[in-house]
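Step one of this worksheet: look at the structure below.
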Amino acid sequence: MSRFYVTTPIYYVNAEPHLGHAYTTIVGDALTRWRRLHGDDVLYLTGTDEHGLKIRQSADAAGMSPQAFCDSIAPKFAHAWERLNIANDDFIRTTEPRHHAAVQELLQRCYDAGDIELDTYSGKYCVACEEYYSDEELLDNDHCPIHKRPVDHFEEENYFFRLSRFQDRLLKWYADHPGSIVPEFRGNEALGLIRGGLRDFSVSRTSLDWGIRLPWDDKHVAYVWFDALTNYLSATGFGDSSVDYTQRWPVDYHLIGKDIIRHHCVYWPAMLMSAGVDLPKGWAVGGWLLVDGEKMAKSTGNVVNPLDLIDVVGVDGFRYYVLAETAYGSDGDFSFDGLVSRYNADLANNLGNLAARVATVVEKKCGGIGPAPRTDSPLAEAAAEAVAATTKAWDAVAPSRALEATWGLIRATNAYLEMHEPWKSEPGSDVDAVMGDALEALRIVTLLAHPAVPATTEVIWMRLGLSGSPADQRLPAATSWGGYAGGTAVEKGDPLFPRIKS
RNA sequence: GGGGCGGUAGCUCAGUGGUUAGAGCAGGGGACUCAUAAUCCCUUGGUCGUGGGUUCGAUCCCCACCCGCCCUACCA
């Protein structure tokens with residue numbers, strides 16, 4: 001049994017869960033469910049990022065302590081993932097003791113390695129914002145873009161991580177590990193960032209109090225990088241001397257958005273190198289889900305709450321949509337019309353309807369008991385192709401392609417039924433053969449589609465009269481043609497995906 | 001300004017240095033009626049962003065440009 005460890009970014013608790021968070025989290029869930037089907041010992045990690053000035057400010061504004069504020073928001077993420085049927089194995093919060101231990105361990109290791117040194121951070125600072133600004137962010141004459149007033153030149157004593165020392169090592173590592181970033185074109189972006197030159201970055205603040213103290217200098221609080229990124233290590237037990245964190249580390253995939261490539265593919269590996277920790281095996285970089293063609297933002301008022309959508313198309317309808325509609329890596333476009341139309345076309349008309357018609361014909365022509373499939377069924381080849389293509393796609397972290405391949409078998413099965421028209425024949429061996437084949441194809445579809453639509457496939461599995469759950473099956477053996485033995489009572493039940501009238 | 005990614009049928013996307021560029025959805029026609037007015041078959045539709053270049057030949061290679069988006073160093 002192999003181990004498989006996948007992470008999502010940890011989400012900043014300054015905002016409530018939205019479509020973008022849900023997208024990445026669903027991709028990770030489907031990917032890890034696929035690995036579980038293969039018997040892997042999976043660790044799927046998500047969580048929340050709870051430190052920093054903005055949390056402090058939001059807490060102050062709410063009249064709460066930062067911890068109480070975080071305690072009020074973090075469960076909303078955990079709850080949202082429950083609603084979306086996310087099977088994360090752990091949920092890490094950066095305010096947890098285990099995370100503090102890991103952050104301090106990583107900091108200490110980098111400090112001991114000589115890669116963290118005291119220096120001076122200087123920049124243009126707006127007192128009203130309590131923020132530093134780069135020259136390009138400022139208006140003409142060094143005015144704050146928000147407050148329209150002059151910024152001050154500030155200097156602050158910071159510890160810096162000597163990222164500049166890592167350019168050659170990072171380039172060599174990536175050259176030695178081709179394909180570690182998928183899709184490939186995102187890997188090229190990361191290399192471009194490294195080749196473009198690396199500057200040291202500060203890892204601490206003295207002006208911040210809501211965070212983790214540096215172990216060797218408690219006047220300083222860790223700034224975001226060493227705090228947030230380290231969560232991936234915290235969950236493995238890193239920093240706890242009684243635990244062998246290498247049982248879980250290195251991670252197989254960090255799922256990230258394209259906007260945080262620099263932090264995850266440049267800063268993070270350099271930090272790990274410095275600390276003597278193995279680097280991740282892979283990164284899977286996703287694009288953004290735009291909403292009606294525009295970037296989702298509070299200012300445009302187009303923030304989509306995923307929980308509103310599951311009232312319309314169900315949990316699996318929503319999961320299927322985000323997985324199927326967008327090629328992971330590229331930007332996708334979310335639209336309500338698209339959601340409904342894909343739900344109707346793929347789930348109601350294809351999968352749901354196939355399950356319904358098969359059950360009806362088995363009931364009418366086979367006495368409600370599913371016949372066994374033929375060993376030499378023409379559908380067997382279509383099934384094998386679907387299994388192969390689906391597997392290849394999931395292995396490449398390409399959910400939309402995986403589902404397309406799986407749906408190919410659904411279409412082939414519908415076509416197969418049309419060709420033989422078993423509803424026109426009298427009960428007998430010919431009808432039994434056709435329906436056995438259809439049931440077997442549907443069983444295989446159920447397994448292949450399970451990572452995307454786990455709840456519905458459980459229901460189909462049960463209606464086919466099969467015991468247990470698709471999740472108990474072991475691929476690839478379970479997707480071999482002929483796994484259905486026949487002789488089970490097939491139940492029609494209510495429509496799995498009632499068609500939505502638009 | 002610099003770096004990067006993308007621009008292929010109405011929509012979402014595949015794709016390859018070479019005969020007539022593909023899929024799904026949407027549109028049109030037909031068949032069927034087991035099924036959630038679902039399904040199946042056929043079909044309309046593309047100057048493969050623009051202009052050059054390399055080549056016997058480019059959507060795929062090179063250059064320039066246009067458009068969209070991302071990063072540009074401390075918001076995930």
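Labels below follow one simple rule: chain letters A, B, ... track the order of the sequence lines, proteins then strands, and each chain is numbered from 1.
At the heavy-atom level, Thr360(A) lies under 4.0 Å from the strands shown only through sugar-phosphate atoms. Residue Phe497(A) is classed as a base contact, given a heavy-atom separation below 4.0 Å to a base. Counting non-hydrogen atoms under 4.0 angstrom, Phe160(A) reaches a base of the nucleic acid. Using a 4.0 Å heavy-atom criterion, one finds that Ile10(A) contacts the sugar-phosphate atoms exclusively. Residue contacts for Arg342(A): at a heavy-atom cut-off of 4.0 Å it reaches no nucleic acid atom on any strand shown. In this structure, Arg186(A) reaches neither bases nor backbone, as no heavy-atom distance under 4.0 Å exists between it and the strands shown. Heavy atoms of Gly493(A) sit nowhere under 4.0 angstrom from any nucleic acid atom. Backbone-only engagement by Lys424(A) is indicated by non-hydrogen atom pairs under 4.0 Å involving sugar-phosphate atoms exclusively. Base engagement by Tyr223(A) is indicated by at least one non-hydrogen atom pair under 4.0 Å involving a base atom.
The distance from atom OH of Tyr321(A) to atom C1' of C13(B) is 13 Å, rounded to the nearest whole Å. At whole-Å resolution of the value, CG in Asp259(A) and P in A73(B) are 14 Å apart.
Residue Ala327(A) has its side chain nearest to C13(B) when only C13(B), A35(B), C32(B) are considered. Listed nucleotides A76(B), G24(B), A35(B) differ in distance to Asn353(A); the shortest reach to its side chain belongs to A35(B). The side chain of Trp423(A) sits closest to C34(B) out of G15(B), C34(B), C71(B). Here the side chain of Arg357(A) is nearest to one of U39(B), C75(B), C41(B), namely U39(B). When the nucleotides C40(B), A73(B), C74(B) are ranked by their closest atom to the side chain of Ala415(A), C40(B) comes out on top. Side-chain proximity of Val224(A) to the nucleotides G15(B), A38(B), A76(B) is greatest for A76(B).
Taking only distance into account, the side chain of Ser202(A) meets the base of C74(B) through a donor-acceptor pair shorter than 3.5 Å. Side chain Arg262(A) to base C74(B): no donor-acceptor pair is found below 3.5 Å. Glu418(A) contributes a side-chain N or O that forms a donor-acceptor pair with the base of C34(B) under 3.5 Å.
Using atom C1' as the reference point in both C71(B) and A26(B), the two lie 36 Å apart (nearest Å). Rounded to whole Å, the C1' atom of A37(B) lies 11 Å from the corresponding atom of U33(B). Between the P atoms of G10(B) and C66(B), the separation comes to 26 Å (whole Å). Atom C1' of C13(B) sits at a distance of 29 Å from the matching atom of A76(B), rounded to the whole Å. As rounded to the nearest Å, A58(B) and U43(B) have C1' atoms that lie 30 Å from one another. Nucleotides G28(B) and G45(B) have their C1' atoms positioned 11 Å apart, rounded to a whole Å. Comparing the P positions of U39(B) and C25(B) gives a spacing of 8 Å, expressed to the nearest Å. Going from the C1' atom of U47(B) to that of A9(B) covers 13 Å, rounded to whole Å.
At least one side-chain nitrogen or oxygen of Lys364(A) sits closer than 4.0 Å to the OP1 or OP2 atom of A35(B). Distances shorter than 4.0 Å separate none of the side-chain N or O atoms of Lys258(A) from OP1 or OP2 on G6(B). Residue Asn349(A) places at least one side-chain N or O under 4.0 Å from the OP1 or OP2 atom of U39(B).
Positionally, the nearest nucleotide of RNA chain B for Tyr416(A) lies more toward the 5' end than for the other of Tyr416(A) and Asp49(A). Comparing Trp225(A) and Asn414(A) by the nucleotide of RNA chain B whose heavy atom lies nearest to each, the residue mapping closer to the 5' end is Asn414(A).
For Thr390(A) (side chain) and Ala386(A) (main-chain N/O), a donor-acceptor pair under 3.5 Å exists by modelled atom type. With hydrogens and angles ignored, the 3.5 Å screen pairs a side-chain donor or acceptor of Asn231(A) with a backbone N or O of Ala228(A).
Residues Val313(A) and Tyr321(A) fail the side-chain proximity criterion, which asks for heavy atoms closer than 4.5 Å.
Relative ring orientation between Trp283(A) and Tyr174(A) is described as tilted, the plane-to-plane angle lying within the 30° to 60° band. A tilted orientation is assigned to the rings of Tyr320(A) and Trp407(A), their planes being inclined by 30° to 60°. Taking the six-membered ring where tryptophan is involved, the planes of His254(A) and His264(A) are perpendicular, since the angle between them exceeds 60° and thus also 30°. Using cut-offs of 30° and 60° for the angle between ring planes, the Trp225(A) and Tyr267(A) rings count as perpendicular.
Pair assignment for U47(B): none, as no Watson-Crick or G-U wobble contacts are both less than 3.5 Å. Using N1 to N3 plus N6-O4 or O6-N4 for Watson-Crick, or N1-O2 and O6-N3 for G-U wobble, each under 3.5 Å, A23(B) pairs with U12(B).
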Begin from the C-alpha positions of Asp316(A) and Thr456(A) and carry the test side chain to side chain donor-acceptor pair (under 3.5 Å) through to its verdict. CA-CA 7 Å; Asp316(A) 282 350; Thr456(A) 309; 2.6 Å; yes
